[in-house]
Amino acid sequence: MNEAEWLSCDNPQEMLRLLRHLGAPRSPASRRKLRLFGCACVRRHWRRASDRRSRALVEAAEHHADGLAGNRELAAAERAARAARHEGKALVVVGREARVPPYCWAYAELSDSRSPQPAWEFALLTTLLPRMVQRTAAVGREDLAQAALLRDLFGNPFRPVSLEPAWLTPSVTHVALATYDERILPSGALDSLRLKVLADALEEAGCTNPDLLDHLRGPGPHVRGCWPVDLLLGKS
């Protein structure tokens, strides 16, 4: 996969494979980023996660990613979500064998499957998170959504952006922290207006990088782990 293919790719499996192939230190695919990617995918179907234990696992995984919960708390949430799955109350998107446009069968569940679907394989190695199954020759809605999320979290691995210390003015730091902390729940989306304010503050600080500024001002999706916000906050 080259840069142009990454920017237009609609296959999250191939994108995750590239991130794994790059390896450290070139790959931006940290354990934290992959965990937040999985959580963002679940939050797309939050209303269907009717069992509180399924939701609690996603929240615990997010807290763990930011160091706000330890391994013990995450393990307890995993056990509870596993119990919900065994009781038939796990997160179900459209139901197994339910046919939906564009002629695909799709479902997601909080699962610790030993044989995850390829698109989730890399993310599942890091935590107990959902897997999305699509059996179709066409590109499904979840493929497109997950590909967009991967670009939001990991940026362009062929053209990484380096942080200039001069950009970290008090205004930039303040807005970046508020953007990260004050999400729109339950979707988990970042506030688009605040992202635009952050872009303006960066320009005032002397930033002219079009990749960074255009992403902040773009339509998104923007979720926790959004690469320009992470860059400014020193998160990996």
Side-chain angles (χ1 to χ4, degrees), residues 3 6-7 15 19 22 24-44 46 58-71 73-74 123 126-127 129 145-236:
E3 182 178 6
W6 169 270
L7 295 175
M15 298 172 76
L19 293 172
L22 290 174
R26 292 180 61 204
S27 175
S30 67
R31 185 182 182 91
R32 169 183 167 272
K33 287 274 198 179
L34 288 168
R35 181 162 284 158
L36 291 176
F37 163 66
C39 292
C41 290
V42 181
R43 283 190 176 277
R44 280 179 37 78
W46 196 250
V58 178
E59 292 164 347
E62 290 174 336
H63 291 157
H64 191 277
D66 279 339
L68 302 177
N71 293 334
E73 290 88 346
L74 181 59
T126 67
T127 189
L129 281 173
Q146 290 174 22
L149 286 170
L150 286 170
R151 279 186 283 270
D152 179 56
L153 270 75
F154 300 107
N156 181 353
F158 295 93
R159 193 185 303 178
V161 177
S162 298
L163 176 67
E164 296 291 338
W167 297 347
L168 297 179
T169 63
S171 177
V172 167
T173 301
H174 173 76
V175 178
L177 280 170
T179 301
Y180 189 86
D181 291 336
E182 299 173 18
R183 298 178 295 165
I184 301 171
L185 295 176
S187 71
L190 304 185
D191 189 316
S192 60
L193 293 178
R194 190 173 273 136
L195 288 168
K196 290 180 174 64
V197 171
L198 180 57
D200 292 342
L202 276 168
E203 276 195 319
E204 292 178 2
C207 175
T208 59
N209 185 284
D211 293 336
L212 196 158
L213 297 174
D214 290 348
H215 186 84
L216 290 173
R217 289 170 173 151
H222 298 288
V223 296
R224 180 164 287 181
C226 176
W227 73 264
V229 179
D230 269 10
L231 177 68
L232 297 170
L233 295 179
K235 297 180 180 291
S236 60

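Numbers for residues simply follow the sequence, beginning at 1. Predicted model, so just to flag it, every value in this text is computed and none were measured.
Distance check, rounded to the nearest 0.5 Å: CG of N209 to CD of E203 gives 11.0 Å. Here the straight-line distance linking atom CG of L233 with atom CG of D181 works out to 8.0 Å at 0.5 Å rounding. Atom CZ in R224 sits 11.0 Å away from atom OG1 in T179 (nearest 0.5 Å). Taking CG from L232 and CG from L177, the interatomic distance works out to 10.0 Å, rounded to the nearest 0.5 Å. Once rounded to the nearest 0.5 Å, the distance linking NE2 of H63 with CG of L74 reads 11.5 Å. Here the CZ atom belonging to R151 is positioned 12.0 Å from the CD atom belonging to Q146, to the nearest 0.5 angstrom.
Between W6 and L19, some side-chain heavy-atom pair lies under the 4.5 Å cut-off. Put simply, the side chain of L216 reaches to within 4.5 Å of the side chain of L202, judged on heavy atoms. Residues F154 and D230 form no side-chain contact, since every pair of their non-hydrogen atoms from C-beta on lies 4.5 Å or further apart. Between L168 and L163, some side-chain heavy-atom pair lies under the 4.5 Å cut-off.
Pairs engaging residues 182-217 under the ring pair (Phe, Tyr, Trp, His ring centres under 6.0 Å) rule: H215-H222, H215-W227 [sequence neighbours left out].
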### Task
Any chance you could lay out the side chain to side chain contact (heavy atoms under 4.5 Å, CB included) test for I184 and L190, step after step, and finish with the verdict?
CA-CA 6 Å; I184 301 171; L190 304 185; over 6 Å; no
### Query
How far apart are the C-alpha atoms of D191 and E182, what are their side-chain angles, what is the distance that settles it, and do they pass the side chain to side chain contact (heavy atoms under 4.5 Å, CB included) test?
CA-CA 8 Å; D191 189 316; E182 299 173 18; over 6 Å; no
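Between L149 and C41 the shortest heavy-atom distance is CD1-SG, 3.8 Å. The shortest heavy-atom contact between V223 and L153 is CG2-CD1, 3.2 Å. Counting all heavy atoms, side chain and backbone alike, Y180 lies closest to L36 at OH-CD1, 4.4 Å. Heavy atoms only, all atoms of each residue included: A176 and V229 are closest at O-CG1, 3.9 Å. Of all heavy-atom pairs between C207 and W167, the closest is CA-NE1, 3.4 Å. Of all heavy-atom pairs between A69 and A60, the closest is CB-O, 4.3 Å.
Between the side chain of E73 and the main chain of G70, a donor-acceptor pair closer than 3.5 Å is present. Between the side chain of K235 and the backbone N or O of G225 there is no donor-acceptor pair closer than 3.5 Å.
The existence of a salt bridge linking D66 and R35 is excluded, since no basic side-chain nitrogen approaches an acidic carboxylate oxygen closer than 4.0 Å.
Residues passing the side-chain hydrogen bond (donor to acceptor under 3.5 Å, both in side chains) test with E3 are N156, R159, sequence neighbours excluded.
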